[in-house]
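Working notes for the structure below.
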Amino acid sequence: MGGFIPGLLNKAMTITQSTRMLIKPSDAVVWISCQRRAWLDKHQPTAYEPDAFNQLLSDRGLAHEAAILAKLENQFSVVQATSFEHTQALIQQGAQVIYQGRLVDENQGLVGYPDFLIRQESGQYQSADAKLSLSENKKAIQIQLGIYRRLLGNGLPAMVFLGDGRTALLGDEVELLVDEFITSMKALLDLEQQPSVRYSHSKCRICPYEAHCRPEFEMREDISLLYGVHGKAADALAEAGISTISQLAASTVDTVPDVPYLKGSKRKYRAILQAQSFLSGKVYSLDKTVLPEGTWIHFDIEDNPLTRSRERHVYLWGFLLPTYAKDDFDYVWTDGEANDYEGWLGFLQKVEAYRSLYPSIVLAHYSNHEKATIRKYAERYAMENHTTVLWLLGQDSPLFDMQNPVLNCLVLPLQGYGLKDICKHPDLVDFQWENQESGSQWSVVQFNRFLSETNPREKQKLKNEILGYNRDDVVATRHLELWLRNLFC
DNA sequence: AGGTCGAAAATCCACAGGTG
DNA sequence: CACCTGTGGATTTTCGACCT
């Protein structure tokens, strides 16, 4: 194996066929998330299907690009490039805007396809990309646009058409980052063996190479497999002689040194228990869980992050009331962002109705998302001083985040403490969703299908599925509540 | 794609003190 | 006076883990 050597290229091989070992802007996204993944992409690429949610994002990105293209076509004459050579020819001819131009620089080892190349009055070309993102201050974007600048080599800042309609310029300020990226990518290209990395649950579980890496982590009993243990902490522990889960499980708070991201006896104690739990599958209780008194109402919202305005729209505010059977599911639904305000008012009304029905209520939800969203809505509609809002967000808030007692009191044989992780586990809550494929990203996809569906029957069907999913979510938190009460209170 | 949270690291900045 | 160094404190960034 080894790096790509231009000189040894078969003459019949076109540039397009040999670009794998060149650095391309889209490598930046992977490079930021994981060095190993970046290496594998270059040396042992795997074809994989993006999930429905990423497909949705990708479709939106293409639609955004098409919208920008249409705009530019109104202003300029736009020509689509079909190859590297064609792009060069168009540049020579001085085409006003080149769409999907293809640039390559084998000396720098770079290749890139900027969405647009826009001719300036000086005759120089400026690269421009359409990005769904709302901010230009993202490493991946800065690197990508920075690569286009290098490929053009004229010093002009690159332009980005952002998802909210803003345009931004990226100039010399991104150079340092681009340097770091290129240097690191070149080193990865030359590397004979995959670099060693640590496990990160949030990154690895969505990685196409998970099946490749995971057995290795497990065989090594890599400590970073444990929930809450940072990769850097694992590195430092290994240096101190603790490099397997078994070793950590056999340690005590006093024999584990303080390391970055794992300091203090409390955190170290948790990590040790997490290691023991990983090996034994047992649940450890740190503290008695204390649950608030009152009439519990389970609460879960669904929202659409991909609205036209790009402000999140909560289209479903779901509740599970006593006696917590499936029929006790209640909700406020809105068909689209045009009814955003109605949905919010409907939610406030519902909550007030529950409050008058029961002497004291607890609105139980999982993780802080519900509370944060209520805060956002209060701000959006300037209702911070509304009596219901004051009550919801004030001192005696009925909102109760069930993740808190779980995180504070329990150590579970899991790598994630999300609602689904805990509820689906057969040895824990053991509650199964009726819709197997459901998940938070699934609901976003379904709602966007609902929005674009024109057949009323199909539309109703999609809505029912989403309602069923949301109902299962609140039923799940109810099951979690009972599980906590039975075992830990 | 967006966001929140908390811990910890990284960066920045004003200011003090020393040196040639 | 220009320049370097150290320090404490405030601010910003990063990380991993959640949510839609």
Side-chain angles (χ1 to χ4, degrees), chain A residues 29 32-34 50-64 130-135 137-141 162-164 176-177 197-206 224-236 258-264 266-267 270-271 274 299-318 337 365-377 379-380 401-404 406-408 412 414-422 438-448 466 469-470 473 476-477:
Chain A
V29 181
I32 286 163
S33 81
C34 174
D51 59 37
F53 183 73
N54 281 99
Q55 192 58 53
L56 176 64
L57 283 181
S58 161
D59 291 347
R60 288 304 178 91
L62 291 175
H64 176 52
K131 294 275 177 222
L132 215 48
S133 164
L134 303 180
S135 163
N137 301 321
K138 295 208 168 160
K139 279 189 169 185
I141 289 180
L162 295 163
D164 59 359
L176 224 72
L177 184 59
V197 286
R198 295 288 179 180
Y199 180 81
S200 162
H201 190 57
S202 46
K203 286 174 185 165
C204 296
R205 70 174 163 183
I206 54 165
S224 63
L225 284 169
L226 299 174
Y227 175 84
V229 177
H230 287 227
K232 283 181 183 170
D235 288 342
D258 273 10
V259 296
Y261 295 102
L262 198 59
K263 287 180 179 142
K266 233 181 162 170
R267 263 184 284 279
R270 255 210 86 110
Q274 196 68 66
F299 171 44
D300 181 47
I301 60 177
E302 311 293 332
D303 47 58
N304 180 20
L306 298 171
T307 61
R308 185 166 278 274
S309 67
R310 297 307 296 276
E311 270 198 286
R312 299 181 78 95
H313 165 56
V314 176
Y315 58 88
L316 177 54
W317 312 75
E337 50 190 303
H365 55 100
Y366 197 86
S367 100
N368 73 333
H369 182 244
E370 278 66 25
K371 193 167 199 167
T373 304
I374 290 170
R375 215 180 287 134
K376 271 270 181 300
Y377 265 73
E379 201 183 313
R380 179 179 303 173
D401 181 356
M402 291 183 73
Q403 197 181 30
N404 287 335
V406 171
L407 248 28
N408 294 335
L412 306 173
L414 295 171
Q415 287 177 330
Y417 281 63
L419 182 64
K420 304 214 171 26
D421 298 306
I422 299 172
S438 64
S440 53
Q441 298 199 331
W442 175 89
S443 64
V444 175
V445 172
Q446 289 300 94
F447 186 70
N448 279 279
I466 296 170
Y469 163 69
N470 180 254
D473 263 1
T477 57

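Being a predicted model, the structure only gives us computed values, none of them experimental. Chain letters run A, B, ... following the sequence lines, proteins first and then strands; every chain starts at 1.
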- Task: Would you mind reading off the distance between A:K420 atom NZ and C:dC19 atom P, rounded to a whole angstrom?
- Result: 6 Å
- Message: Measure NZ/A:K138 against C1'/C:dT12 and give the value in whole Å, please.
- Response: 17 Å
- Any donor-acceptor pair under 3.5 Å from A:R267 side chain to A:D258 backbone: no
- Just call it for A:K203: base, sugar-phosphate, or nothing, with non-hydrogen atoms closer than 4.0 Å on any strand. sugar-phosphate
- Message: Distance under 4.0 Å to a non-hydrogen atom of chain A counts as contact; along DNA chain B, which nucleotides mark the start and end?
- Response: B:dA1 to B:dA9
- CG of A:N404 versus P of C:dC19: gap in Å, rounded? 13 Å
- Item | Flag, side chain of A:E302 to backbone of A:Y315, donor-acceptor distance under 3.5 Å | no
- Here the distance between atom C1' of C:dA17 and atom CG of A:L414, to the nearest Å, is 13 Å
- Sugar-phosphate only, base, or nothing, as touched by A:G163 at under 4.0 Å among non-hydrogen atoms: nothing
- Query: Roughly, in whole Å, what's the span from CD1 in A:I32 to C1' in C:dT13?
  - Reply: 14 Å
- Task: Select base, sugar-phosphate, or nothing to describe what A:R60 touches, counting heavy atoms under 4.0 Å on all strands.
- Result: nothing
- Query: Which part of the nucleic acid, if any, lies within reach of A:I301 when heavy atoms closer than 4.0 Å are counted: base, sugar-phosphate only, or nothing?
  - Reply: sugar-phosphate
- Does A:Q415 use its side chain to pair, donor to acceptor, with the backbone of A:L226 at less than 3.5 Å? no
- Query: How long is the line joining CZ of A:R312 and C1' of C:dT20, in whole Å?
  - Reply: 5 Å
- Query: So what does A:F447 hit on the nucleic acid, given a heavy-atom distance under 4.0 Å: a base, only sugar-phosphate, or nothing?
  - Reply: nothing
- Task: Assign A:S133 to base, sugar-phosphate, or nothing according to its heavy-atom contacts below 4.0 angstrom with the strands shown.
- Result: sugar-phosphate
- Would you say A:S202 reaches C:dG16's phosphate, i.e. side-chain N/O to OP1/OP2 under 4.0 Å? no
- Reckon A:R375 touches a base, only the sugar-phosphate, or nothing at all at heavy-atom distances under 4.0 Å? sugar-phosphate
- Task: Please answer whether the main-chain N or O of A:S367 pairs with a side-chain N or O of A:H365 as donor and acceptor at a distance below 3.5 Å.
- Result: yes
- Message: Under 4.0 Å, counting only non-hydrogen atoms across every strand here, what does A:Q403 touch: a base, just sugar-phosphate, or nothing?
- Response: sugar-phosphate
- Message: Whether A:R312 and A:D303 form a salt bridge (side-chain N of Lys/Arg under 4.0 Å from carboxylate O of Asp/Glu) is what I want to check.
- Response: yes
- Task: Quick one: label A:K139 by what it contacts on the DNA or RNA (base, sugar-phosphate, nothing), any heavy atom closer than 4.0 Å.
- Result: sugar-phosphate
- Task: Answer with base, sugar-phosphate or nothing: what part of the nucleic acid does A:K376 contact at a heavy-atom distance below 4.0 Å?
- Result: sugar-phosphate
- Message: Looking at A:N448 and A:V444, would you say the former's side chain and the latter's main chain have a donor-acceptor pair under 3.5 Å?
- Response: yes
- Item | 5′-ward residue of the pair A:V259/A:A372 relative to DNA chain B | A:A372
- Query: What's the NZ-P distance between A:K232 and C:dA17, to the nearest Å?
  - Reply: 14 Å
- If you draw a 6.0 Å radius around CG in A:L177, do more than 12 non-hydrogen atoms from other residues or ligands fall strictly inside? yes
- Message: I'd like to know if the side chain of A:R60 and the backbone of A:L306 have a donor-acceptor N/O pair within less than 3.5 Å.
- Response: yes
- Query: Expressed in angstrom and rounded to an integer, what is the separation of A:Y199 atom OH from C:dA17 atom C1'?
  - Reply: 12 Å
- With heavy atoms under 4.0 Å as the rule, sort A:D164 into base, sugar-phosphate or nothing. nothing
